[in-house]
Amino acid sequence: MARVCVVGAGVVGLTTATQLQKALPPGSTVTIIADKFLKETTSDGAAGIFRPGLQFQGDSPEVTRRWLQDSFNFYKSILNSQDAASAGVKLISGFHFSSKYPKIVWNSLLLPILEEYRSCTEEELSFYRHKYGTFMTTILTECRRYLPYLTDKFTRQGGRIEKRHLKTLEELVGHYDIVCNCSGFGAKDLVGDELVTPIRGQIYKVRAPWIKNFYYVDYDMYIVPGFEYITLGGTRQFDSYIEETNKYDSMAIWERCLALIPSLKDAQVVQEWVGWRPYRPAVRVEEEFLTFDSGRSLKVVHNYGHGGYGVMTAPGTSIHAVKLVMKMLPSALSKL
Amino acid sequence: MVVRVVVVGGGVSGVGSALAILQRLPSCNLTIIAEHFTPNTTGDGAAGFWEPHLTTGTPQEKIIQWCQETWELFCSWWQYKQQMGVSFVYGETISQDPVPEKSWQHVPFAFHSLSHSECVKFGPQYQSGFSFGTVTAEPLKFLPVLLEEVRALGGSVKMCRLTSLAEAAAEADIVINCSGLGARKLVPDPEVYPCRGQVMRVRAPWVGRYLCDASKKSFAYIIPNLETVVLGGTNQDHDWRLEVDPTDSQTIWDNCTALMPSLKVVHNYGHGGSGVTLFWGCSKEVADIACDLIHKHYGLPSRL
């Protein structure tokens, strides 16, 4: 009955689309329109670890906490099912160290969510040669498995996918009752949102199967084992549009990682990659009645601006976005 | 004179002892004689999970000393010598039965008991448990490297099946008996008996943490190694069978997938196994003993 379009096929678009399929009344259709899929998306390079930055936020602290808890519960239920391996969801333990900043090793957003989160012991600190540190067990979602898994789920449940670059959402007027805008960085141009800013991230993907835990040091050094490869990172360059890898970033990442784990010198480098985290001061999950110069209008629910936390919060923000779609649905359908 | 040392046995104890002796006495003439070498020793099937067990008769101070020295070696391998095949892992051991105190708990990282809620999240039947950070060291990976080190120090290797220790002693000034289960016949020592362990190796690269069920009723373990994950196991005393038992396979599979449903999608290979936790500590002590003996009997200084 309802024709819904999801713009964007990254982790947020695919998650929203599959959630919509569950919530919409029978006979409804969901179509994903995007210009980038799978390996072409920003999601592809993400380490995918459930670990929010303290600046991550929605419209209020309650909303932020709800998104995080909903997301964690969602991934946890996949984790405990037979789908975990094919979905690319795993449990992972690891550390956050610092020798200069005692406060940053504790994350107040993670504290109420994780079951295991403690200070490092003296032996652990001495082994890794740092002054402060915490140990935690969290969840990781590998998009190289998760996106294909969601895509498969979406199409098996009757979803349609269209490869197309949209210049404006106006192109969708008359074709869809509601549009979910999950265009990530694309929202900057698509809906003219000046607040969307790239935070450039550069990483290595390497093979080093002897590393089973993740490691963060200070702010910008991390070693995160995924399913096949380890992500070594990183950079967080605000408002940088450079798409190519930068050799100085490579050197800095490599040196910092090897300083913590010398045996990484024998890691096999598989890939270097650059992505733009689609940052926005607050993630935008809200409905909008868009009107265009032509006088035509479109009902939209936005779900973009997740910055470096798209994989982590795709479920929680999608659940929220779908609620907004369901609220908007009666009036959207009565226009027919 | 050049002391002739013969080490009987090519598993972790034999190769470890040979290396420890050569490091102390580089001038000795050392040969390892064994029927089996890697990849056909008992240790080659092992997950190599560092945790002392099945050591109740041995004095606790010795266990602690030996496991500590081995721990330090494995940790330095993990940090600096990745070709030795050591991984560092955290995880949990849970049990339906009460778990006794461990004398070695200060050795690995962050040893602590699990709270009641941490146990029952695996099922209401789990009453107790503990967790610690440890290493897995795979003999299949490190034995070849250690054998190279033995050769580099002038040691040699001879593949042959001995019928008695006297046979080894024929061309030796001192024999180091590291024959494992073979000691039952070789010494002979009827107190040595097999405790059969069956395991399954699967490809499950998403498993980076271990999970062990130490209960008598539902004994099982899931231990990540470098490229594979080891699912186990059995503890069958006086059981000499080397073949895979399909009933054991089913039990291991059922118990492990109950603990970790995500394993259900994997394919498997098959093997059999035991333990590696004490090898370096023991080897160094063996070197001490050997050197003392050599000093006593041949008047050579115990340290060159």
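Predicted model only: the values in this text are computed from it and were never measured. A, B, ... follow the sequence lines: proteins, then strands. Residue 1 opens every chain. Heavy atoms only: backbone and side chains are in, while hydrogens, waters and symmetry mates are out.
- Your options are B/Gln83, B/Glu118, B/Glu227, and the one with the most heavy-atom pairs under 4.5 Å with chain A is B/Glu227.
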Can you give the donor-acceptor pairs under 3.5 Å from side chains of residues 147-158 of chain A to other protein atoms, not counting sequence neighbours?
from	atom 1	to	atom 2	distance (Å)
A/Tyr149	OH	A/Asp83	OD2	3.0
A/Thr151	OG1	A/Leu147	O	2.6
A/Asp152	OD2	A/Arg156	NE	3.0
A/Asp152	OD2	A/Arg156	NH2	3.2
A/Thr155	OG1	A/Thr151	O	3.0
A/Thr155	OG1	A/Asp152	O	3.2
A/Gln157	NE2	A/Gln21	OE1	2.7

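- Neither the backbone nor the side chain of A/Glu142 comes within less than 4.5 Å of any heavy atom of chain B.
- Within the 4.5 Å cutoff, the side chain of A/Asp44 has no heavy atoms near those of the A/Leu38 side chain.
- For A/Thr137, the part lying near chain B is the side chain, with the backbone staying farther off; criterion is any non-hydrogen pair under 4.5 Å.
- Using a 4.5 Å cut-off between heavy atoms, A/Phe135 contacts chain B through its side chain alone, with no backbone atom that close.
- Of the two parts of A/Ser81, only the backbone, made up of N, CA, C and O, holds a non-hydrogen atom closer than 4.5 Å to a non-hydrogen atom of chain B.
- A/Pro262 touches chain B through backbone and side chain together, each having a heavy atom under 4.5 Å away.
- Among A/Lys265, A/Glu123, A/Glu124, the residue making the largest number of heavy-atom pairs under 4.5 Å with chain B is A/Glu124.
- Using a 4.5 Å cut-off between heavy atoms, B/Trp77 makes no contact with chain A at all.
- Considering every non-hydrogen atom in both B/Val89 and B/Pro224, the closest pair reads CG1-CG, 3.7 Å.
- Residues satisfying the side-chain hydrogen bond (donor to acceptor under 3.5 Å, both in side chains) test with A/Gln69, not counting sequence neighbours, are A/Asn73.
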